[in-house]
Amino acid sequence: VSGRNQAYRALARERDFSAAVLDTVASLVVVFDCQSRVVRFNRLCEVVTGYPAAAVEGRVRWNLLDPPGEPARLRQRVAVMIDGTAGEDDRGILEQYWMTKSGARRLISWSARMLDDGAEGHTYVIATGIDITEQRAAEAAMARLSRQHGQILASAAEGIFGFDRGGYTTFANPAAARMLGYELDELVGQVHHSLIHHSHADGRPYPRAFCRLYAALGGGVHQVTDEVFWRKDGMALPVEYTSTPIWENGGISGAVVTFTDVTARKQAEAILAHQASHDSLTDLPNRAHLHERLRTWLAAAAASGSFVG
């Protein structure tokens, strides 16, 4: 009798230890016996669902957790594992909503495996789950945000592109590709300076070290009104652009460039300047032009110390 009591106490200690382990793991754990009855419903299951273990354990039909009208995937998986009819499709991860006591829906990612108790001859199914409700909500929010950003980029009339700290273009919108004469996939992944910003308007090389697009990587927003981007066909495109840093995790990871084609405006300014200094009938320099030339000559003479006769 004494030996039997010691064995019972040892078994009780083992069960208490196992129960403590199940209640401290960071996963939902449900254990089913060979009749699909719930025999363990750990502490995290109680926290997530709001139901005490006593409300679920010992039941074969524990449909209080299954949302109405939706398939009870976990119960179906357990049933086919117990009767030995599980196929390859029944061995992977499954996702199922659980209905909490308050009526909220929680999405759980489950995996299950068989456990044979050789000593007692019992078969169990242990299902472990992770509550992925917030993860899926965050993924859906990111997908919506990505779609919105894509729609904004696609509808913008300005050219927009981004680059990382290495100068590689990370994205570009259709307007940027159209103005520069490239396809989108010809811009993305390329070093933008060597592709579209390698030279000044007069053809002089534009060293990357002095490129004002990169100034944003040092912080601050930079606006430039007197430069050109180079099109795929080799033509210079007069632009105004703004380069803005991209902040991530407390540091600058790249920059976003917004630019507009100012060709028409530059041409209009040149026409107005010509009209202001030339006669409208003869197209010869007018008095304003001559006065301006005279001021220029006088200033040059004064600077050189020479006389104007």
Nearest 0.5 angstrom please: F41 CZ to E57 CD, how far? 8.5 Å
A side-chain contact here means heavy atoms from C-beta on lying under 4.5 Å apart; do Q96 and I108 qualify? no
Note: S243 and V257 closest approach over all heavy atoms is OG-CG2, 4.0 Å
Just so I know, are the side chains of W110 and I93 near enough to count as touching, which here means a heavy-atom distance under 4.5 Å? no
Please indicate whether E183 has more than 12 foreign heavy atoms, meaning atoms of other residues, nucleotides or ligands, lying under 6.0 Å from its CD. no
R77 side, atom CZ; S111 side, atom OG - distance, nearest 0.5 Å: 9.0 Å
Within the 6.0 Å centroid threshold, strictly below: F210 and H193: no
Are the side chain of E46 and the backbone N or O of A53 linked by a donor-acceptor pair below 3.5 Å? yes
I need the minimum non-hydrogen distance between A79 and S36, along with the two atoms involved. CA-OG, 4.4 Å
Taking the side chain as every heavy atom from C-beta outward, state whether L195 and H192 have any atom pair closer than 4.5 Å. no
Hey, any chance V38 and V48 share a hydrophobic cluster, counting ILVMFWY side chains that come within less than 4.5 Å of each other, even indirectly? yes
Same cluster for M235 and L187 if Ile/Leu/Val/Met/Phe/Trp/Tyr side chains link at under 4.5 Å? no
Here the pair of heavy atoms bringing D66 nearest to A72 is OD2-CB, 3.3 Å
In this structure, would V224 and Y206 fall into the same cluster of hydrophobic residues linked by side-chain contacts under 4.5 Å? no
Could you state the interatomic distance from CZ (R75) to CG (L65), rounded to the nearest 0.5 Å? 9.0 Å
Do I246 and V221 share a hydrophobic cluster (ILVMFWY, side-chain heavy atoms under 4.5 Å, transitive)? no
Is F32 reachable from L94 through a run of hydrophobic residues whose side-chain heavy atoms are each under 4.5 Å from the next? yes
Spacing of OH belonging to Y124 relative to CZ belonging to R113, to within rounding of 0.5 Å: 13.5 Å
Side-chain touch F229/L213, heavy atoms, less than 4.5 angstrom: yes
Per the side-chain contact (heavy atoms from CB on, under 4.5 Å) rule, which among I196, D261, V239 passes with M179? D261
How long is the span from the OH atom in Y241 to the NE2 atom in H197, to the nearest 0.5 Å? 4.0 Å
Testing the basics here: between S109 and I132, what is the closest heavy-atom pair and its distance to 0.1 Å? CB-CD1, 3.9 Å
Does a side-chain heavy-atom distance below 4.5 Å link E95 with L107? yes
Only pairs under 3.5 Å count here: list side-chain donor-acceptor contacts from residues 155-176, not counting sequence neighbours, and write none if there are none.
from : atom 1 : to   : atom 2 : distance (Å)
S155 : OG     : Q151 : O      : 2.9
S155 : OG     : I152 : O      : 3.2
D164 : OD1    : G166 : N      : 2.9
D164 : OD1    : G167 : N      : 3.1
D164 : OD1    : Y168 : N      : 2.9
R165 : NH1    : I252 : O      : 2.9
T169 : OG1    : Q190 : O      : 3.2
T170 : OG1    : G162 : O      : 3.3
N173 : OD1    : I160 : N      : 2.9
N173 : OD1    : A176 : N      : 3.0
N173 : ND2    : L153 : O      : 3.1
N173 : ND2    : E158 : O      : 2.9

Scan residues 221-233 for pairs that pass salt bridge (charged side-chain N to carboxylate O under 4.0 Å, His left out), counting only residues two or more places apart or in two chains. E186-K232, R212-D226, R212-E227, R231-D233
Would you check if V29 and L44 make a side-chain contact, meaning some heavy-atom pair closer than 4.5 Å? no
Restricting to non-hydrogen atoms, name the atom on A112 and the atom on V125 that form the minimum distance, rounded to 0.1 Å. CB-CG1, 4.0 Å
Close side-chain approach of T100 to R106, heavy-atom, < 4.5 Å: yes
Crowded around M114 CE? As in, over 12 foreign heavy atoms under 6.0 Å? yes
Which heavy atom in A177 sits nearest to a heavy atom in L184, and how many Å separate them? CB-CD2, 3.9 Å
Working to the nearest 0.5 Å, report the span between CG of L180 and CH2 of W230. 12.5 Å
Going by heavy atoms in the side chains, are M99 and P68 under 4.5 Å from each other? yes
